[in-house]
Amino acid sequence: MNKKLGNLFKGDRVIWMVLLFLCLISVVEVFSASSTLTYKSQDYLGPIIGHTWKILVGVGVAILILNVPCRFFKLATPGLLLISVIMLLWVLFFGEKTNDAGRWISLLGLKFQPSEIAKGTMVLVTAQILSAMQREEGADKRAFKYILIIVLPFCLLIGLENLSTAALIMAVIFLMMFIGRVPLIQLGKFVGAGVILLILFIGSIYLLGSFDNSEGVETQTETLVNNEVKKDTKKKTTFLHRFSTWKGRIDKHLNKKAVAPEDYDLDKDAQVAHANIAIVGSNIIGKGPGKSVERDFLPQAFSDFIYVIIIEELGIIGAAFVAFLYIVLLYRAARIASRCENNFPAFLVMGLGLMLVIQATFNMMVAVGIAPVTGQPLPLISRGGTSTIINCAYIGAMLSVSRSAKKRGQNMPINEI
């Protein structure tokens, strides 16, 4: 029996353990945090059954991908690039809008964000360029140019509706270039240009975000009522409405002025207010699984703010354990990379590990009030549709690399070390 399980769950065992713990925490906490969904749908088990099913499908996808030899990922790069471009253009002009952002595509009954696929594609492309242009003294200077030529247009397409994901991709690609020994002078110029563009961008946010966006094209948001999706139509200005959203989030985050309890607007600042209440209400040790109070009031408690529910129910120790799991995931990615005989799998596993961990860090920083609201879910824990499956696919790719990774000069598989 153990041999059969070993043949099924191949690859790095520590990564499998991290995935197992994250999935178990996800099932428990999403079940607790989905109270608003169960109330709206009048189905007590429906939301969690659907989420658990997606996790199981995701694990199945991970098992399938870990059996794909790493060299075949290179062959998939052109196809993934083409698919990503088509889907990003489609979502830009015809995408469904949820929570004031047009990020979604519905295809064959599945609803997903093309940016989730584009993230992994950018990591794959960067790993391929860095590996192909490695020299004894470091990466060829042209690698920097080739990477930006491909990555920047994708980030621009994504950033029009999903700025935080575009920033996440750029952060991961920058770190991959640093690990890939791209000349420091090029990276320094990149950082300098980035700072200048950031200043100009924030200025444009405060300039364009001050316009009244109450008039414009119609957008749709969805709510779940009696197990049926109901669409609410709102007026929003195409593209410019995101400037107002970004401006509001920055203002709320920077405004540290104390407000008297009787003057606080819980409707206007519901996310931040109820997140803070949940954290304070945890009393360090937590209220226990399933005993959250703020889940009934906190918007997106089962998704963007799931970490707040974890703090409220499991306390500081539970929250620290979740953060520790992501640290272990990144550590294992680095260890696998150090044992790769070729550059491509090493860069690929590091890029995927960085992508998952940085996204988790963004989410946790937002939850505790360190960063402005970004809308980034907690990977492998937040309730999601295809994002859960796609993240499991990334884990599968990391496991595939771990299967073939060997210590330089030795023939010992990494999962036996």
Given 3.5 Å as the limit, does a donor-acceptor pair link the side chain of [X] with the main chain of [Y], or not?
X: R383; Y: H51; value: no
X: S382; Y: P377; value: no
X: R295; Y: G290; value: yes
X: R403; Y: L66; value: yes
X: Y326; Y: P379; value: yes
X: Y394; Y: G120; value: yes
X: N363; Y: D304; value: yes
X: W16; Y: K10; value: yes
X: S400; Y: G396; value: no
X: T126; Y: M122; value: yes

Between [atom1] of [X] and [atom2] of [Y], what distance do you get to the nearest 0.5 Å?
X: L399; Y: S402; atom1: CG; atom2: OG; result: 5.0 Å
X: L329; Y: D12; atom1: CG; atom2: CG; result: 9.5 Å
X: I55; Y: I381; atom1: CD1; atom2: CD1; result: 9.5 Å
X: K119; Y: Q113; atom1: NZ; atom2: CD; result: 8.0 Å
X: L330; Y: L325; atom1: CG; atom2: CG; result: 13.0 Å
X: M133; Y: I129; atom1: CE; atom2: CD1; result: 8.5 Å

Are any non-hydrogen side-chain atoms of [X] and [Y] less than 4.5 angstrom apart?
X: V151; Y: C155; result: yes
X: I150; Y: L81; result: yes
X: I358; Y: F362; result: yes
X: I25; Y: L380; result: no
X: R332; Y: V18; result: no
X: F154; Y: V125; result: no
X: V366; Y: Q376; result: no

Does a donor on one side chain sit under 3.5 Å from an acceptor on the other, for [X] and [Y]?
X: E312; Y: S282; answer: no
X: Q186; Y: K145; answer: no
X: S387; Y: E116; answer: no
X: E313; Y: S32; answer: yes

**Prompt:** Is it the case that more than 12 heavy atoms not belonging to L75 sit under 6.0 Å from its CG atom?
**Reply:** yes
**Asked** Does atom CD1 of I185 have more than 12 heavy-atom neighbours from other groups under 6.0 Å away?
**Response** no
Can you see which heavy atom on [X] is nearest to which on [Y], and at what distance?
X: A132; Y: R135; result: O-NH1, 3.7 Å
X: A333; Y: M398; result: CB-CE, 3.8 Å
X: I158; Y: S115; result: CG2-CB, 4.0 Å
X: L148; Y: P153; result: O-CD, 3.8 Å
X: A139; Y: P183; result: O-CD, 3.8 Å
X: Y307; Y: A319; result: OH-O, 2.9 Å

**Message:** Quick one, V123 with M350, criterion side-chain contact (heavy atoms from CB on, under 4.5 Å). Give me CA distance, side-chain angles, the key distance, then yes/no.
**Reply:** CA-CA 9 Å; V123 170; M350 277 305 301; over 6 Å; no
**Request:** Take I65 and V61, measure what side-chain contact (heavy atoms from CB on, under 4.5 Å) needs, and give me the verdict at the end.
**Result:** CA-CA 6 Å; I65 292 181; V61 169; 3.8 Å; yes
**Request:** Answer yes if the ring centres of F73 and F344 are under 6.0 angstrom apart, and no otherwise.
**Result:** no
**Request:** Begin from the C-alpha positions of I327 and V357 and carry the test side-chain contact (heavy atoms from CB on, under 4.5 Å) through to its verdict.
**Result:** CA-CA 7 Å; I327 294 173; V357 174; over 6 Å; no
**Request:** Classify the angle between the aromatic ring planes of F21 and F321 as parallel (below 30°), tilted (30 to 60°) or perpendicular (above 60°).
**Result:** perpendicular
**Request:** Quickly, which of L352, L22, L19 forms a side-chain contact (heavy atoms from CB on, under 4.5 Å) with I395? Name it, please.
**Result:** L19
**Message:** I need the single residue from I306, I310, L314 that forms a side-chain contact (heavy atoms from CB on, under 4.5 Å) with V322. Which is it?
**Reply:** I310
**Item:** side-chain contact (heavy atoms from CB on, under 4.5 Å) between M364 and L378, intermediate numbers included
**Value:** CA-CA 8 Å; M364 291 184 283; L378 192 58; 4.2 Å; yes
